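Source: prediction; values computed, not measured.
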Amino acid sequence: MKEVLVIIIIFGTCLACHTKQELEEAKAPFEYAENIKFNHLYVVIDDSTYKYLFDSIPFFREFAYVEEADVDAGKESWSGKYISGNQDYLEIFKPGGAEGAELGDFGIAFMPNKMGTVDSLYSFLDTGADCIRRKVQTMAMGEGKTIPWFYAVAIYDPDSLAITPWVMEYTDTFMRMAGFTEEDLAREISHAEYTQRSVATRNNLPFDSANYRRLYERVAALTLELSSAEYNYFRKYLETFGFTESDSAFTRPDLVIYYQLNEGRHAILYQIDFELRKEVEEQSYAVGKIKVSATGRSA
């Protein structure tokens, strides 16, 4: 059973924008920051590594549900490889796999566990600012029909940085398609529950029979290299979502983001640390520029 959540946002250019100093000013944490969770990241890797990624690393077969998919979102389309965990997932592109995708680009998406949080976040961020971007992404359903898929909010990046953070929230229409009722939508819904119910609904299975059965529980930490511009841009999001900063790390109970500053061409994603659902023997693999290792409850 697979549930692949396929998301990438390309935000348009605004005609006017806040100054760089205004973008770098951190706000107090958002009132509902604890409801906003890490959901997925995407990264653009080289063609050769992308081509052989799944075939060259046997560990993936027990690690996660993996799939390569083409997505039609109406006015946009993309193609990527997906590594789906219980609480979050990874989206892997090669250059050109999505519009504007260049080698080394990566994005980090957050998602609330309660409907309506994105509207509250937009109101919190938007104090007359034209840099706060909000959009509705559609999903193609065939025969020229589309449905509203999710809402997204982001702070416009005036410097065309390689790192892209945003917050997204599925629409009522999409959540009902996944099998949730009106009563369900009034409470907190984790990514794990969404995946389980969506798989069960799509395959006409009892809810409890769609349990996640791979090792990948969640992303526990990221290690990044950032320029000062990228750092200041990214910091604004993280402090808004309740992360605290100390010793070159942004920390929250559900995720740690380590960083080092380097005025290079653009950001670099060095490492992803995973929490596993059960212990495994020590093992390691490599394909292209990617190395995978696992031991105990970590990978």
| field | Output field: ring centroids Tyr259/Phe250 closer than 6.0 Å | value | yes

Nearest heavy-atom approach of Phe106 to Leu269 is CE2-N, 3.9 Å

With a cut-off of 6.0 Å (strictly less than), are more than 12 heavy atoms of other residues, nucleotides or ligands near CZ of Phe207?
yes

- prompt: Take atom NZ in Lys81; do more than 12 heavy atoms of anything else shown fall under 6.0 Å from it?
  reply: yes

What about Ile272 and Ile257, same hydrophobic cluster or not, with Ile/Leu/Val/Met/Phe/Trp/Tyr joined at side-chain heavy-atom distances under 4.5 Å? yes

Quiz item: Taking the six-membered ring where the residue is Trp, are the ring centres of Tyr194 and Tyr170 under 6.0 Å apart?
Solution: yes

Tyr216 meets the ring pair (Phe, Tyr, Trp, His ring centres under 6.0 Å) criterion, sequence neighbours left out, with Phe63, Phe274

Applying ring pair (Phe, Tyr, Trp, His ring centres under 6.0 Å) to Phe30 and not counting sequence neighbours gives Tyr32, Phe124

Across all chains, not counting sequence neighbours, the side-chain hydrogen bond (donor to acceptor under 3.5 Å, both in side chains) partners of Thr251 are none

Separation between CG (Leu53) and CD1 (Ile45), nearest 0.5 Å, reads 5.0 Å

Heavy-atom nearest pair, Val71 first then Tyr82, reads CG2-OH, 4.3 Å

d(Gln196 CD, Asn86 CG) to nearest 0.5 Å is 8.5 Å

When every non-hydrogen atom of Leu103 is compared with those of Asp46, the smallest separation belongs to CD1-N, 3.3 Å

By salt bridge (charged side-chain N to carboxylate O under 4.0 Å, His left out), Asp273 pairs with (sequence neighbours left out) none

Interatomic distance, CE@Met115 vs OG1@Thr171, rounded to 0.5 Å, equals 6.5 Å

Sequence neighbours excluded, the answer for side-chain hydrogen bond (donor to acceptor under 3.5 Å, both in side chains) partners of Asp254 is Arg252

Sequence neighbours excluded, the answer for side-chain hydrogen bond (donor to acceptor under 3.5 Å, both in side chains) partners of Arg214 is none

Sequence neighbours excluded, the answer for salt bridge (charged side-chain N to carboxylate O under 4.0 Å, His left out) partners of Glu217 is Arg277

Next on the checklist: The test is side chain to side chain contact (heavy atoms under 4.5 Å, CB included); show your working for Leu125 and Val153 and say whether it passes.
Outcome noted: CA-CA 9 Å; Leu125 293 173; Val153 170; 4.1 Å; yes

For Tyr237, the ring pair (Phe, Tyr, Trp, His ring centres under 6.0 Å) test, sequence neighbours excluded, returns Tyr233

Taking every heavy atom of Ala210 against every heavy atom of Val199, the minimum-distance pair comes out as CB-CG1, 4.0 Å

Centre-to-centre under 6.0 Å for Tyr89 and Tyr65, is that the case here? no

One should read off an interatomic distance between Glu91 CD and Tyr42 OH, to the nearest 0.5 angstrom, of 8.5 Å

So if you build clusters from Ile, Leu, Val, Met, Phe, Trp, Tyr with side-chain heavy-atom gaps below 4.5 Å, do Leu41 and Val256 land together?
no

Walk me through it: do Phe150 and Phe174 pass the test ring-ring contact (aromatic ring centres under 6.0 Å, His included)? CA-CA 8 Å; Phe150 61 86; Phe174 188 73; 8.4 Å; no

Just distance, no hydrogens or angles: give the donor-acceptor pairs under 3.5 Å from side chains in residues 180-190, sequence neighbours left out.
{"residue": "Thr181", "atom": "OG1", "partner": "Glu183", "partner atom": "N", "Å": "3.4"}
{"residue": "Thr181", "atom": "OG1", "partner": "Glu183", "partner atom": "OE1", "Å": "3.4"}
{"residue": "Thr181", "atom": "OG1", "partner": "Asp184", "partner atom": "N", "Å": "3.1"}
{"residue": "Thr181", "atom": "OG1", "partner": "Asp184", "partner atom": "OD2", "Å": "3.1"}
{"residue": "Asp184", "atom": "OD1", "partner": "Arg187", "partner atom": "NH2", "Å": "3.1"}
{"residue": "Asp184", "atom": "OD2", "partner": "Thr181", "partner atom": "N", "Å": "2.9"}
{"residue": "Arg187", "atom": "NH1", "partner": "Glu193", "partner atom": "OE1", "Å": "3.1"}
{"residue": "Arg187", "atom": "NH1", "partner": "Glu193", "partner atom": "OE2", "Å": "3.4"}
{"residue": "Arg187", "atom": "NH2", "partner": "Glu193", "partner atom": "OE2", "Å": "2.7"}
{"residue": "Glu188", "atom": "OE2", "partner": "Asn35", "partner atom": "ND2", "Å": "3.2"}
{"residue": "Ser190", "atom": "OG", "partner": "Glu193", "partner atom": "N", "Å": "3.1"}

Shortest non-hydrogen pair, Pro206 vs Ala200, comes out as O-CB, 3.9 Å

Taken to the nearest 0.5 Å, the spacing of His40 NE2 from Gln87 CD works out to 16.0 Å

Quiz item: How about Glu275: does its CD atom have over 12 heavy atoms from other parts shown lying under 6.0 Å from it?
Solution: yes

> OH of Tyr258: more than 12 outside heavy atoms within 6.0 angstrom?
Replying inline: no

_Enclosure of Lys37 NZ (heavy-atom neighbours >12, cutoff 6.0 Å)_ = yes

- Kindly work out whether a path of hydrophobic side-chain contacts (I/L/V/M/F/W/Y, heavy atoms less than 4.5 Å apart) joins Ile268 to Leu226. no

Sorted by chain and number, sequence neighbours left out, side chain to side chain contact (heavy atoms under 4.5 Å, CB included) with Gln260 holds for Glu225, Tyr270

side-chain hydrogen bond (donor to acceptor under 3.5 Å, both in side chains) filter on Asp70, not counting sequence neighbours, yields Ser79

I'd like a table of donor-acceptor pairs (distance under 3.5 Å, sequence neighbours excluded) in which one partner is a side-chain atom from residues 286-298, with atom names and distances.
{"residue": "Arg297", "atom": "NE", "partner": "Leu276", "partner atom": "O", "Å": "2.7"}
{"residue": "Arg297", "atom": "NH2", "partner": "Leu276", "partner atom": "O", "Å": "3.2"}

Closest heavy-atom pair, Leu261 versus Ser227, reported as atoms and distance to 0.1 Å, is CD2-O, 4.1 Å

